[in-house]
Each structure stands twice: as C-alpha cells, then as structure tokens.
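Data first, discussion second: the structure below is written as structure tokens.
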Amino acid sequence: MDMSSSLKMVVLDGYTLNPGDLSWKTLQARGELTVYDRTPKEKVVPRSEGATVLFTNKTPITGEMMQQLPDLSYIGVMATGFDQVDVQAAREQGVTVSNAAGYSTDSVAQLVFALLLELCHHTRVHSDQVMDGAWCRSKDFSFWNHSLVELSGKTMGIIGFGTIGQRVADIATGFGMNLLGHRRTPDDQSARSNFRWASIDEILEASDVLSLHCPLVPETEGLISTDSLKRMQSSAFLINTSRGAVIDEPALRVALEEGEIAGAGLDVLSSEPPSTDHPLLGAPNCVMTPHFAWATVESRQRLMEIVVQNLDAFLKGEPENVVNG
C-alpha cells in the first residue's frame, strides 16, 4: 500500500512522547505531518479531517469520530495500551490499529527499584536533613531517622510475569532476592534457581516486596483490596508500575495509615492526573511519581522508532503489532 506521496498524518498528542528533545524527522519523511501537543476531544475530528494516518498516545478516538473521517486508514498508538481507541469500530470501518510494545521494559524495571530503594533507605528525607545541617549538628559520625532495609535474602513477589516482570526479576536476583511469580499462563523459568511459581494468595502472604506488572482487565481491577492488604506482612512494601486501578486506592490509604504494610511506591493511579482530594495524596510511607517510568529519553526514542516501523510496515501492506486484526 504505497500512499506515501499523498500521505497526510496527524499526531494528536505528541508532547509526552516528544516534548522537544527528540525529532519528528523520520515521520516527516513519510509525508505531510502535523503535530499537536494536545488535542481536546471536541477538536479531534476537525484537526484530523483529510488525514490518512492518525497517531495518538492518550487522546480518545471513538467510532463516531472515525465515521466522520472517511480518509482514515491507519491509527498508530504511541503507547502499549490501546483502550483509548475503539478497536472494534476501527475493524468495522477498515482502519488498522497498531500499538508499540517492549520499548519501556528497562526503564520501567529501573523505576521499580528507584521506588523500592527509596522506601528502603528514605534517601530524599535523609538528604534533606543533611542539607539542613542535621549531620553538622550530629554527635556521631552517622545517623538515621528511619529504619533501613537490606534487600538481600528478602522475597519479591511479582504478579504479572511478562517481559517487564521478568526484567524486574533479573534485577532482584542481582540484589540477592528470592522470587515468587504469578501469571495466567506459566512458562519455563527453570533457569532461575531463586524462582518458583506461586498463587496470588501465597505471594501476598510470603512477599517482603510485592511488585505489580499485570494488565488492567476485569479480573485484575481492584486486585489489591482490603482483604489482599490484610494478607500482606506488616513489613512488606507494595510497588505498582502497571495500572492504578489494579489497587483499591482508598483501601491502600487505610492500610498505610494503620500500618498493615510498611510502605508503597506508585507510578500510576486510577485517575491521571489525580484530583487534589485523591486518597493517596499525603498518605504515610507512600512514594509517588507521575506515571513517568516509561519516559526516559532512551525509552521514548525506542518508542519513536517503533511508531515509524509500524507505519512503514502498514504502508508496505504487511502491518505489524496490529491490535484489531
């Protein structure tokens, strides 16, 4: 399908992928390209009129919108999740939808341990105290105002043992941790001497650290509930870099306030950005980052490359990473 000579492309929300430190040149070489930093819902159709190709990260593209865009043939999702696109409507209207997977594995796994190590060492708090002169005033050569935790010998439970979960397991192994894993379709992990498959209940009860890497589907929504949190050890840490709604957030707030678990490190919430009254804002022993695990410059460069590769495959008539085939 060689339509490059007349290809009109629109990026609806390019800012998060490329706030200015990457280049759109590779896409611009494929045809006429218009890039919007952000697009409100009511402007999707007028901005997309005449476009053959749309790119979206989080901007919704509904079936009703597609019906008003007769030239549309391809939607490139600049992310792994694709729930912002009505893929069934796209299929019915002959629009191919491709997503990007695997680009952020190393970056997400890295943030898992940034969050975890902050909970173990309270680095920010101690650094602030040192900068404020507390070390200068200390009677001893060393001080700490929080309990410090060593990971070696501890057990990490990983729910969702896919590509990212396995990369997390690799790093945890480097820290000398033991591993419990759970996924819907277990595969051969016999090469890991420190690993075994376990039920979710066992993982909840046995883990010193619980790291979530499962997709958000009806079976996992609210997976970490009041009951789940009560099953966890009071010394355990909960890390979530998957999707916010996997956790019952009000229940987590209560668990942190009552000391049912020792702490939580979160990069995702059920509503993003959160409202100012979100139950986890200001929660004790909670470290929170703004859904940026995927956003290292290296990760975003890989994402840009995959987006272009997906488009090229579509133009050749051999589409890849199709989510509505």
Side-chain angles (χ1 to χ4, degrees), residues 106-131 134 142-160 164-165 167-181 203-214 223-225 228-244 246-270 274 278-296:
D106 287 332
S107 291
V108 174
Q110 179 175 300
L111 184 69
V112 167
F113 286 88
L115 294 169
L116 177 55
L117 292 172
E118 180 62 27
L119 291 169
C120 289
H121 292 282
H122 303 277
T123 309
R124 179 74 264 176
V125 171
H126 286 100
S127 176
D128 288 345
Q129 291 172 347
V130 168
M131 294 300 182
S142 172
F143 77 91
W144 56 94
N145 292 328
H146 294 271
S147 294
L148 308 178
V149 176
E150 181 178 273
L151 292 176
S152 180
K154 300 291 195 301
T155 296
M156 173 177 275
I158 301 173
I159 298 179
I164 296 176
R167 187 70 185 100
V168 169
D170 295 339
I171 300 172
T173 299
F175 276 101
M177 302 184 76
N178 301 308
L179 299 168
L180 299 175
I203 287 176
L204 291 170
E205 294 168 3
S207 296
D208 299 293
V209 179
L210 172 57
S211 192
L212 303 176
H213 301 283
C214 46
L223 174 68
I224 305 303
S225 61
S228 303
L229 292 159
K230 289 183 181 298
R231 288 172 177 265
M232 294 176 66
Q233 301 177 45
S234 61
S235 58
F237 296 134
L238 171 65
I239 309 293
N240 188 17
T241 55
S242 59
R243 289 292 182 264
V246 172
I247 295 176
D248 180 334
E249 293 164 334
L252 177 56
R253 174 73 187 231
V254 171
L256 290 168
E257 289 178 337
E258 297 186 357
E260 292 176 353
I261 64 172
L266 312 171
D267 186 52
V268 288
L269 294 175
S270 60
H278 190 280
L280 289 174
L281 293 179
N285 301 317
C286 185
V287 179
M288 202 179 307
T289 52
H291 199 154
F292 70 176
W294 66 282
T296 62

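Fair warning: this is a prediction, and the values are worked out from it, not measured in the lab. As a basis for the values below, the full set of heavy atoms in this structure was taken, side chains included, without hydrogen atoms, waters or symmetry mates.
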Legend entry - Sub-4.5 Å side-chain heavy-atom contact between L238 and I247: yes
Legend entry - Nearest atoms (heavy-atom pairs only) where A206 meets L180: CB-CD1, 3.9 Å
Legend entry - Set of residues satisfying salt bridge (charged side-chain N to carboxylate O under 4.0 Å, His left out) with respect to R243, sequence neighbours excluded: none
Inset, instruction - Quick one: list whatever passes ring-ring contact (aromatic ring centres under 6.0 Å, His included) with F292, sequence neighbours left out. - result: none
Inset, instruction - Compare all side-chain heavy atoms of L210 with those of L204 and state whether any distance is below 4.5 angstrom. - result: yes
Inset, instruction - Please round to the nearest 0.5 Å and tell me the distance separating atom CG of L179 and atom CE of M156. - result: 7.5 Å
Legend entry - Within-4.5 Å side-chain heavy-atom neighbours: P284 and E257: yes
Inset, instruction - Check whether any side-chain heavy atom of E258 lies under 4.5 Å from a side-chain heavy atom of L229, and answer yes or no. - result: no
Legend entry - Whether F113 and F175 hold their rings parallel, tilted or perpendicular, with breakpoints at 30° and 60°: parallel
Inset, instruction - Quick one: pull up SG in C214 and CD1 in I224 and give me the separation to the nearest 0.5 Å. - result: 7.5 Å
Inset, instruction - Give a yes-or-no answer on whether the side chains of D267 and T289 include a donor-acceptor pair shorter than 3.5 Å. - result: yes
Legend entry - Heavy-atom closest contact (V268 atom, S242 atom, distance): CG1-O, 3.6 Å
Inset, instruction - Report the distance from atom CG of N178 to atom OG of S152, rounding to the nearest 0.5 Å. - result: 8.5 Å
Legend entry - Lys/Arg-Asp/Glu bridge criterion (N-O < 4.0 Å) met for R253, E249: no
